[in-house]
Amino acid sequence: MSDRAPQPVERQLPTEEAKDLLALVREIAQREIAPKAAEEEDAGRFPREVFTLLSASGLLGLPYPAEYGGGDQPYEVYLQVLEELATARLTVGLGVSVHTLASYALATYGSKQQQVEHLPAMLGGGLLGAYCLSEPSSGSDAASLRTKAAREGDTWVVDGTKAWITHGGIADFYTVMARTGEDGPRGITAFLVPGDAPGLSGAAPERKMGLKGSPTAQVHLDGVRVPDGRRIGEEGQGFTIALSALDSGRLGIAACAVGLAQAALDEAVRYATERRQFGRPVADFQGLRFMLADMATQIEAGRALYLAAARLRDAGRPFAKEAAMAKLYCSDTAMKVTTDAVQILGGYGYTADFPAERYMREAKVLQIVEGTNQIQRMVIARHVAGPEGR
């Protein structure tokens with residue numbers, strides 16, 4: 001065995017509690033998640049029992065208040081937990097990120113009564129959430145969504161179809177954006193919809209090139225009746241809530257991307273230090289050494305970028321631009337690093353006997369979800385150069 005095997009990530013954590021938390025996450029990841037990842041992804045199996053364990057361990061509500069069952073952890077810590085989970089299996093890291101995104105609206109914009117009533121079960125009661133903004137005809141142009149909610153007394157009747165929903169069909173609750181008023185962003189309202197609501201159903205999961213263990217499906221809402229007490233925020237505030245949630249969610253994607261890239265680098269280092277050609281490890285050849293150096297540098301840069309954005313968020317400062325930069329850079333880095341890992345493994349990298357090809361297939365979706373990287377560039381450019389068409 002080579003003495004140049006991958007080393008654990010050195011982390012700068014703000015408290016001893018955070019260090020203990022990361023140690024717990026690594027233990028769960030190594031014991032419960034990583035050993036089954038390849039087999040279960042190949043079989044397309046969603047590890048619901050892992051999410052039950054994470055919930056029982058206090059890991060599904062880390063950035064939310066302890067009074068409602070959350071962990072009271074800063075984003076700086078929460079994102080590093082996500083990274084560790086994604087290194088073990090992206091389906092799990094991404095799933096925790098999506099659950100956190102689905103909980104955001106109620107945790108941030110809900111009334112005190114709503115938070116007391118619903119948040120404890122959402123954050124630590126074994127429930128799993130989904131976030132419903134995109135539709136078959138409105139992806140990047142989310143403000144043109146067509147799902148409608150019509151008011152009947154103290155109840156809203158919701159009709160429409162949501163698309164590309166992570167945990168679609170299996171979630172216990174859905175944060176749903178629906179049109180309650182005029183066209184455009186000002187006519188959208190947010191609702192908390194139970195997963196077992198009559199009229200709500202999930203379509204067959206999409207057949208994807210990667211993340212096969214994470215179900216992605218359309219969600220149909222056919223006359224779903226939602227009490228006004230499950231409306232989140234004011235009428236017409238839904239699009240503002242949705243965009244605010246996505247700013248934080250993009251940091252989750254960035255952290256997951258760094259975790260996936262780290263897994264690919266670890267595999268490349270492991271292979272390069274053990275595989276021998278011409279009488280010595282292939283890691284001794286400068287061509288490969290430079291590739292590994294570039295991969296490691298890109299990962300560290302991505303990690304620094306998402307942590308810098310997280311610290312802005314934790315300080316209560318604007319971070320939308322930095323979140324978009326982190327999502328853009330980290331997901332592009334994941335695509336580059338995983339592709340290079342396949343190259344380093346050569347023919348073996350192209351086979352399913354090694355995880356490198358799975359990492360590469362999984363990385364692609366991170367450039368698409370929660371705002372494509374072209375949308376991230378638009379967001380960044382608006383901060384840098386001002387709005388278009390002035």
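Heavy-atom basis, side chains included; hydrogens, waters and symmetry copies ignored. As the structure is a computational prediction, the values presented were derived from the model and not from experiment.
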Within a strict 4.5 Å, meaning less than it, do heavy atoms of the [X] and [Y] side chains meet?
X      : Y      : result
Val193 : Val158 : no
Arg45  : Lys36  : no
Glu322 : Tyr306 : no
Ile165 : Gln218 : no
Thr155 : Asp228 : no
Thr161 : Pro136 : yes
Pro47  : Glu40  : yes
Leu305 : Val258 : no

> Would Glu206 and Trp164 satisfy side chain to side chain contact (heavy atoms under 4.5 Å, CB included), going step by step from the backbone distance to the final call?
Replying inline: CA-CA 8 Å; Glu206 306 288 351; Trp164 311 113; 3.9 Å; yes
> Using the benzene-type ring in the case of Trp, are the ring centres of Phe173 and His99 under 6.0 Å apart?
Replying inline: yes
> Can the ring centroids of Phe191 and Tyr174 be said to lie less than 6.0 angstrom from one another?
Replying inline: no
Between [X] and [Y], is there a side-chain N and carboxylate O pair less than 4.0 Å apart?
X      : Y      : answer
Asp340 : Lys336 : yes
Glu84  : Arg26  : yes
Arg280 : Glu274 : no
Glu235 : Arg151 : yes

So does [X] have more than 12 non-hydrogen atoms from other groups sitting under 6.0 Å from [atom1]?
X      : atom1 : answer
Arg207 : CZ    : no
Arg377 : CZ    : yes
Gln12  : CD    : no
Arg48  : CZ    : yes
Glu67  : CD    : yes

Under a plain distance cut-off of 3.5 Å, with no hydrogens placed, do [Y] and [X] share a side-chain donor-acceptor pair?
X      : Y      : answer
Arg231 : Thr189 : no
Ser201 : His220 : no
Ser144 : Asp141 : yes
Gln367 : Thr372 : no
Lys208 : Thr216 : yes
Gln80  : Arg303 : no
Tyr104 : Ser244 : yes
Tyr329 : Gln298 : no
Glu357 : Thr351 : no

Side-chain donor/acceptor of [X] to backbone N/O of [Y], under 3.5 Å:
X      : Y      : value
Glu182 : Gly187 : no
Glu370 : Ile253 : no
Ser55  : Phe51  : no
Ser214 : Leu211 : no
Asp72  : Ala66  : yes
Ser331 : Lys327 : yes
Asp314 : Glu76  : yes
Asp172 : Gly195 : no
Ser97  : Gly93  : no
Thr147 : Gly160 : no

> Should the ring pair Tyr348 and Tyr271 be called parallel, tilted or perpendicular, given that the plane angle runs from 0 to 90° and is split at 30 and 60?
Replying inline: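 It falls in the tilted class, 30° to 60°.
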>> Between Arg358 and Asp42, is the side chain to side chain contact (heavy atoms under 4.5 Å, CB included) condition met? List the steps.
In response: CA-CA 9 Å; Arg358 171 166 61 87; Asp42 187 54; over 6 Å; no
>> Quick check on the hydrophobic clustering: are Leu123 and Ile28 connected, directly or via other members, by side-chain heavy-atom contacts under 4.5 Å?
In response: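 No, because Leu123 and Ile28 fall into different hydrophobic clusters, even though each may have its own neighbours under 4.5 Å.
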> Same hydrophobic cluster for Val369 and Ile375, using side-chain heavy-atom links shorter than 4.5 Å among ILVMFWY?
Replying inline: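 No, Val369 does not connect to Ile375 through the hydrophobic network.
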>> Does His167 form a side chain to side chain contact (heavy atoms under 4.5 Å, CB included) with Ile170? I'd like the steps, not just the answer.
In response: CA-CA 5 Å; His167 305 153; Ile170 68 166; 4.1 Å; yes
> Where do Lys162 and Glu135 land on the salt bridge (charged side-chain N to carboxylate O under 4.0 Å, His left out) test, with the steps shown first?
Replying inline: CA-CA 4 Å; Lys162 294 296 181 177; Glu135 298 183 2; 2.9 Å; yes
Exercise: identify the closest heavy-atom pair between [X] and [Y]:
X      : Y      : value
Ala272 : Ile344 : CB-CG2, 4.3 Å
Cys256 : Leu90  : CB-CD1, 3.8 Å
Leu192 : Thr175 : CD1-OG1, 4.2 Å
Met122 : Ser103 : CE-CA, 3.9 Å

>> Quick one, Thr100 with Tyr64, criterion side chain to side chain donor-acceptor pair (under 3.5 Å). Give me CA distance, side-chain angles, the key distance, then yes/no.
In response: CA-CA 9 Å; Thr100 304; Tyr64 297 124; 5.5 Å; no
Can you tell me how far the [atom1] atom of [X] sits from the [atom2] atom of [Y], to the nearest 0.5 Å?
X      : Y      : atom1 : atom2 : value
Gln343 : Leu345 : CD    : CG    : 10.0 Å
Tyr75  : Leu251 : OH    : CG    : 7.0 Å
Gln374 : Ile368 : CD    : CD1   : 9.0 Å

> Going through the distances and angles, do Arg276 and Val282 end up as a side chain to side chain contact (heavy atoms under 4.5 Å, CB included)?
Replying inline: CA-CA 6 Å; Arg276 300 182 69 85; Val282 297; over 6 Å; no
> Between Arg89 and Glu362, does a salt bridge (charged side-chain N to carboxylate O under 4.0 Å, His left out) hold up when you go through it step by step?
Replying inline: CA-CA 10 Å; Arg89 184 178 179 186; Glu362 291 176 342; over 6 Å; no
> Got a sec, which residues hit side chain to side chain contact (heavy atoms under 4.5 Å, CB included) with Val157, two or more places apart in sequence or on another chain?
Replying inline: Glu152, Asp159, Arg225
> Is it the case that Arg179 places NZ or CZ above or below the six-membered ring of Phe239, under 6.0 angstrom from the centre and within 45 degrees of the axis?
Replying inline: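 The answer is no; the distance or angle limit is not met.
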